[in-house]
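As structure tokens, the structure follows; a few thoughts come after it.
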Amino acid sequence: MNSKNPMEKILLIITTITIILSPYKNQPLKLVGAYPSFTRFHITFMNTMSHGETLDLHCKGNKGDWGLQHLPINVNYTRNFKTVPLMKVYYNCDANWTLGHITNFQAFIDNQKFADIECGGRHCIWKATDLGMYLYQLHDQTFVFKHGWEPNA
């Protein structure tokens with residue numbers, strides 16, 4: 001963890017411990033998605049931009065619209081949801097701030113590659129920085145750059 005923010009370190013430690021101690025981590029994968037139906041997932045978005053900018057975030061998917069969220073600097077936003085039988089759950093998001101935007105990035109999809117490799121299980125942690133959006137990969141214990149900001153018109 002190369003983070004300078006102590007709250008970010010605490011969040012990552014708690015999330016990692018939760019994943020390691022989870023009673024479901026060794027269950028076989030079944031059905032359409034990456035995990036058995038009715039498995040609970042968590043997506044966290046962190047605003048770590050350096051200029052005190054508010055991050056506007058709007059996510060929606062095939063299980064609903066989470067509405068527009070305004071995240072001040074150093075604030076996290078977490079949503080929890082469950083997978084359902086015979087459907088791959090997904091959420092796409094738009095992120096905006098004063099100097100740029102990212103349109104329709106895939107924040108979550110219930111498939112094994114994304115859930116197990118990209119996120120590292122049932123917890124996906126996204127971090128907004130001045131450069132773009134990063135996704136925490138549990139296996140490498142690092143944030144990986146995923147999307148850069150496009151300039152606002």
Side-chain angles (χ1 to χ4, degrees), residues 1 3 5-25 27 29-49 53-97 100-149:
M1 286 183 272
S3 171
N5 184 339
M7 290 304 293
E8 186 177 317
K9 287 182 181 179
I10 291 170
L11 174 67
L12 291 174
I13 291 169
I14 290 170
T15 301
T16 302
I17 290 171
T18 302
I19 293 168
I20 291 169
L21 297 178
S22 172
Y24 303 105
K25 68 181 179 189
Q27 286 189 353
L29 304 179
K30 299 177 184 175
L31 299 175
V32 174
Y35 285 82
S37 294
F38 305 112
T39 298
R40 182 171 295 278
F41 285 89
H42 315 276
I43 300 179
T44 298
F45 298 93
M46 304 164 53
N47 179 359
T48 63
M49 291 186 277
E53 296 284 342
T54 296
L55 175 68
D56 294 331
L57 187 69
H58 185 201
C59 299
K60 55 187 170 183
N62 60 345
K63 283 195 66 189
D65 187 330
W66 294 343
L68 181 62
Q69 306 298 319
H70 305 286
L71 281 70
I73 189 73
N74 295 325
V75 169
N76 299 338
Y77 169 68
T78 300
R79 287 298 297 235
N80 305 309
F81 56 93
K82 291 183 180 179
T83 56
V84 294
L86 305 176
M87 181 170 83
K88 281 193 178 193
V89 176
Y90 68 87
Y91 285 96
N92 295 327
C93 301
D94 295 330
N96 295 287
W97 68 302
H101 65 277
I102 300 171
T103 304
N104 203 33
F105 72 92
Q106 189 173 66
F108 177 83
I109 186 164
D110 181 20
N111 69 37
Q112 189 169 4
K113 180 183 182 295
F114 186 84
D116 288 341
I117 296 170
E118 297 291 318
C119 291
R122 294 185 312 275
H123 299 79
C124 295
I125 304 170
W126 288 92
K127 177 171 74 167
T129 72
D130 296 347
L131 299 176
M133 296 295 287
Y134 291 75
L135 180 60
Y136 186 72
Q137 291 184 343
L138 181 64
H139 299 293
D140 299 328
Q141 295 187 352
T142 188
F143 281 97
V144 175
F145 180 80
K146 292 294 181 180
H147 306 283
W149 298 108

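Looking at heavy atoms from C-beta onward, Lys88 lies in side-chain contact with Asn111 at the 4.5 angstrom threshold. The closest side-chain heavy-atom distance from Cys93 to Trp126 is not below 4.5 Å. Inter-residue side-chain proximity for His123 and Thr44 is flagged as unmet; no heavy-atom pair is nearer than 4.5 Å.
Residues satisfying the side chain to side chain contact (heavy atoms under 4.5 Å, CB included) test with Leu131, not counting sequence neighbours, are Thr129, Tyr134. In this structure, the side chain to side chain donor-acceptor pair (under 3.5 Å) partners of His58, at least two apart in sequence or on a different chain, are Asp65. Residues meeting the side chain to side chain donor-acceptor pair (under 3.5 Å) test with Asp130, sequence neighbours left out: Ser50. Partners of His42 by side chain to side chain donor-acceptor pair (under 3.5 Å), not counting sequence neighbours, listed by chain and number: Asn80. Listed by chain and residue number, nothing satisfies the ring pair (Phe, Tyr, Trp, His ring centres under 6.0 Å) test with Tyr77 (two or more places apart in sequence, or in another chain). Phe81 meets the side chain to side chain contact (heavy atoms under 4.5 Å, CB included) test with Phe41, Ile43, Trp66, Val89, Tyr91, Phe108; sequence neighbours excluded. Under the salt bridge (Lys or Arg N to Asp or Glu O under 4.0 Å) criterion, Lys146 pairs with Glu118, not counting sequence neighbours. With sequence neighbours left out, Asp56 forms a side chain to side chain donor-acceptor pair (under 3.5 Å) with His70.
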Quick one, Asn47 with Ile73, criterion side chain to side chain contact (heavy atoms under 4.5 Å, CB included). Give me CA distance, side-chain angles, the key distance, then yes/no. CA-CA 5 Å; Asn47 179 359; Ile73 189 73; 3.9 Å; yes
Stepwise, does the side chain to side chain contact (heavy atoms under 4.5 Å, CB included) test hold for Tyr136 with Cys119? CA-CA 6 Å; Tyr136 186 72; Cys119 291; over 6 Å; no
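In this structure, the side chain of Asn92 does not engage the main chain of Lys60 through any donor-acceptor pair within 3.5 Å.
Closest non-hydrogen pair, Ala128 versus Trp149, comes out as CB-CZ2, 4.3 Å. For the pair Cys59 and Phe45, the tightest heavy-atom approach, listed with the atom from each and the gap, is SG-CZ, 3.8 Å. The two residues Lys63 and Lys82 have their closest heavy-atom pair at NZ-O, 2.5 Å.
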Only pairs under 3.5 Å count here: list side-chain donor-acceptor contacts from residues 100-107, not counting sequence neighbours, and write none if there are none.
unit_1 : atom_1 : unit_2 : atom_2 : d
His101 : ND1    : Glu150 : O      : 3.3
His101 : ND1    : Asn152 : OD1    : 2.9

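Note that CD of Gln137 and CD1 of Ile125 are 11.5 Å apart. Values are rounded to the nearest 0.5 Å.
For the side chain to side chain contact (heavy atoms under 4.5 Å, CB included) with Leu55, the qualifying choice from Asn96, Thr48, Leu71 is Leu71, the only one to do so.
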